[in-house]
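Below, chain A is the first sequence line, B the second, and so on; all start at residue 1.
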2 protein chains.
Amino acid sequence: MTAKAAQPDLRDDFPDSPARRAVVAVVRGFGAVQRQMGPYFAQFDLTPPQFQMLTVIHRLQDEPVSQRRLGRELYVSFPNITVMLSRMEAAKLIRRRANPLDRREKFVELTRRGESLLNRIWKVHQQQLEHVTAGLNSSEREQLTGLLNKLIFHHVPEESKMETTGVHSKT
Amino acid sequence: MTAKAAQPDLRDDFPDSPARRAVVAVVRGFGAVQRQMGPYFAQFDLTPPQFQMLTVIHRLQDEPVSQRRLGRELYVSFPNITVMLSRMEAAKLIRRRANPLDRREKFVELTRRGESLLNRIWKVHQQQLEHVTAGLNSSEREQLTGLLNKLIFHHVPEESKMETTGVHSKT
DNA sequence: GCAAAATGGTTAACTATTAAACTATCTGCC
DNA sequence: GGCAGATAGTTTAATAGTTAACCATTTTGC
């Protein structure tokens with residue numbers, strides 16, 4: 001915080017603002033959550049995205065689920081789904097099954113191993129979530145959720161017009 | 001939502017809760033912010049983490065800044081700093097200079113190109129931040145910031161005891 | 001009925017990120 | 001003085017994510 005002379009316009013730093021503080025807080029908040037969830041899931045030989053994948057497949061699997069569907073649900077690009085599923089298939093957590101009626105398509109389902117892992121995690125998961133959000137009381141948690149959802153859903157007008165290679169990148 | 005018979009305990013789905021909704025919202029909020037900031041920074045041939053790096057170096061560079069210092073400021077692992085800086089050095093945005101008094105250490109500084117890019121971005125950055133946070137009014141933005149900071153700082157008791165290979169992973 | 005367009009998935013190349021293992025240098029202490 | 005341990009940085013091997021380019025099938029439209 002010493003030298004301040006010389007340079008011309010370089011020292012007019014970026015102005016702070018509520019908008020900037022909010023964006024920074026969102027990014028940091030995510031980082032904090034990730035740093036807590038990472039080691040927790042590692043204990044089950046999973047990563048956070050893989051856990052998300054498992055829960056989504058579980059939730060949808062009353063009927064056949066395609067990989068594209070998973071991409072849309074997880075807000076993640078289709079190529080990424082391919083590689084994540086390949087790893088999870090190697091770990092025998094999920095299975096890909098060709099759709100006999102449309103040979104382009106592959107359905108994804110949990111193996112028994114995947115199901116039972118999910119059940120095992122769920123037994124302790126609520127407790128972990130409580131731990132992560134321990135800084136806030138119940139009403140503050142709801143408030144936070146509400147504000148973030150408002151932030152999120154302000155953009156995303158007509159919620160599915162995409163479909164290029166990537167996800168919602170309609171550019 | 002049809003078949004519901006067979007399986008034993010598999011259908012008792014994971015229970016929702018304020019804690020879970022909050023964590024999910026934080027993750028989604030981050031995703032939404034990223035999807036907006038990515039293309040914006042791409043316009044300047046930068047990525048969001050690279051922009052963060054530039055701003056931190058700019059803020060600190062009144063005195064020599066080591067790479068380790070940057071890792072702590074950015075909450076990012078030291079190896080990651082190495083590779084990010086290598087790319088940014090190749091792009092001539094920053095420069096590494098050996099500390100003559102301690103040859104292990106390297107100081108990092110912005111090049112003129114880095115400085116001027118940062119200035120160029122700052123001219124329109126506030127507007128971009130306003131756009132991203134457009135769903136919330138000013139007081140809601142402050143509220144969101146406050147809640148997230150409360151969430152974040154609940155953990156992190158004695159704020160710097162780390163230093164292994166990674167970041168704050170004192171495990 | 002067939003060619004063009006759309007759809008589902010994969011591969012390739014890149015950035016970001018981590019943990020673990022390694023190199024180089026410096027410091028403390030006997 | 002010299003070695004043990006600490007400190008700064010890098011390399012390696014993973015996972016996750018992106019876009020762009022590609023292959024295979026299916027649908028459409030004439």
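Residue-to-nucleotide proximity on DNA chain D shows that, of R87(A) and N99(A), the 5′-proximal contact is made by R87(A).
Distances shown here put a side-chain N or O of S77(A) below 4.0 Å from the OP1 or OP2 atom of dT18(D). Between R68(A) and the phosphate of dG9(C), there is no side-chain N or O to OP1/OP2 separation shorter than 4.0 Å. OP1 or OP2 of dC26(C) has at least one side-chain nitrogen or oxygen of R103(B) nearer than 4.0 Å. The shortest distance between the side-chain N/O atoms of R104(B) and the OP1/OP2 oxygens of dG9(D) is not below 4.0 Å. Distances shown here put a side-chain N or O of N80(B) below 4.0 Å from the OP1 or OP2 atom of dT18(C).
A cation-pi arrangement is present between R68(A) and F78(A) under the rule of less than 6.0 angstrom and at most 45 degrees off the ring axis.
If you measure from atom OH of Y75(A) to atom C1' of dG17(D), you get 17 Å, rounded to the nearest angstrom. Between Q67(A) atom CD and dC23(D) atom P there is a gap of 19 Å when expressed in whole angstrom units. Rounded to whole angstrom, the span from the CZ atom of R97(B) across to the P atom of dA8(D) amounts to 17 Å. Rounding to whole angstrom units, CD1 of residue I81(A) and P of dT10(C) are separated by 10 Å. The interatomic distance linking R35(B) (CZ) with dT19(D) (P) rounds to 10 Å, in whole Å. One atom, CG of D102(A), and another, C1' of dT26(D), lie 6 Å apart when rounded to the nearest Å. Distance CG (L70(A)) to C1' (dG9(C)): 13 Å, rounded to an integer number of Å. Whole-Å rounding puts the F78(B) CZ to dT11(D) P distance at 17 Å.
Comparing dG17(D), dA16(C), dT10(C) against the side chain of M84(B) picks out dA16(C) as the nearest. Taking every side-chain heavy atom of Q50(B) into account, dT15(C) is the closest of dT15(C), dT17(C), dA16(D). Counting only heavy atoms from C-beta on, V76(A) has its side chain closest to dT18(D) among dT18(D), dT11(C), dT18(C). Of the candidates dG17(D), dG9(C), dA16(C), the closest approach to any side-chain atom of S66(A) belongs to dG9(C).
Within the 4.0 angstrom heavy-atom criterion, only backbone atoms of the sugar-phosphate kind lie near R96(B); the bases stay farther away.
Under the 6.0 Å cut-off for aromatic ring centres, H125(A) and F41(A) qualify, their centroids lying closer than that.
Annotation: R95(B), atom CZ; neighbour count of heavy atoms from other residues, nucleotides and ligands within 6.0 Å is above 12.
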Any chance you could lay out the salt bridge (charged side-chain N to carboxylate O under 4.0 Å, His left out) test for E115(B) and R120(B), step after step, and finish with the verdict? CA-CA 9 Å; E115(B) 284 281 4; R120(B) 193 147 63 83; over 6 Å; no
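There is no side-chain donor-acceptor pair under 3.5 Å between H131(B) and Y40(B).
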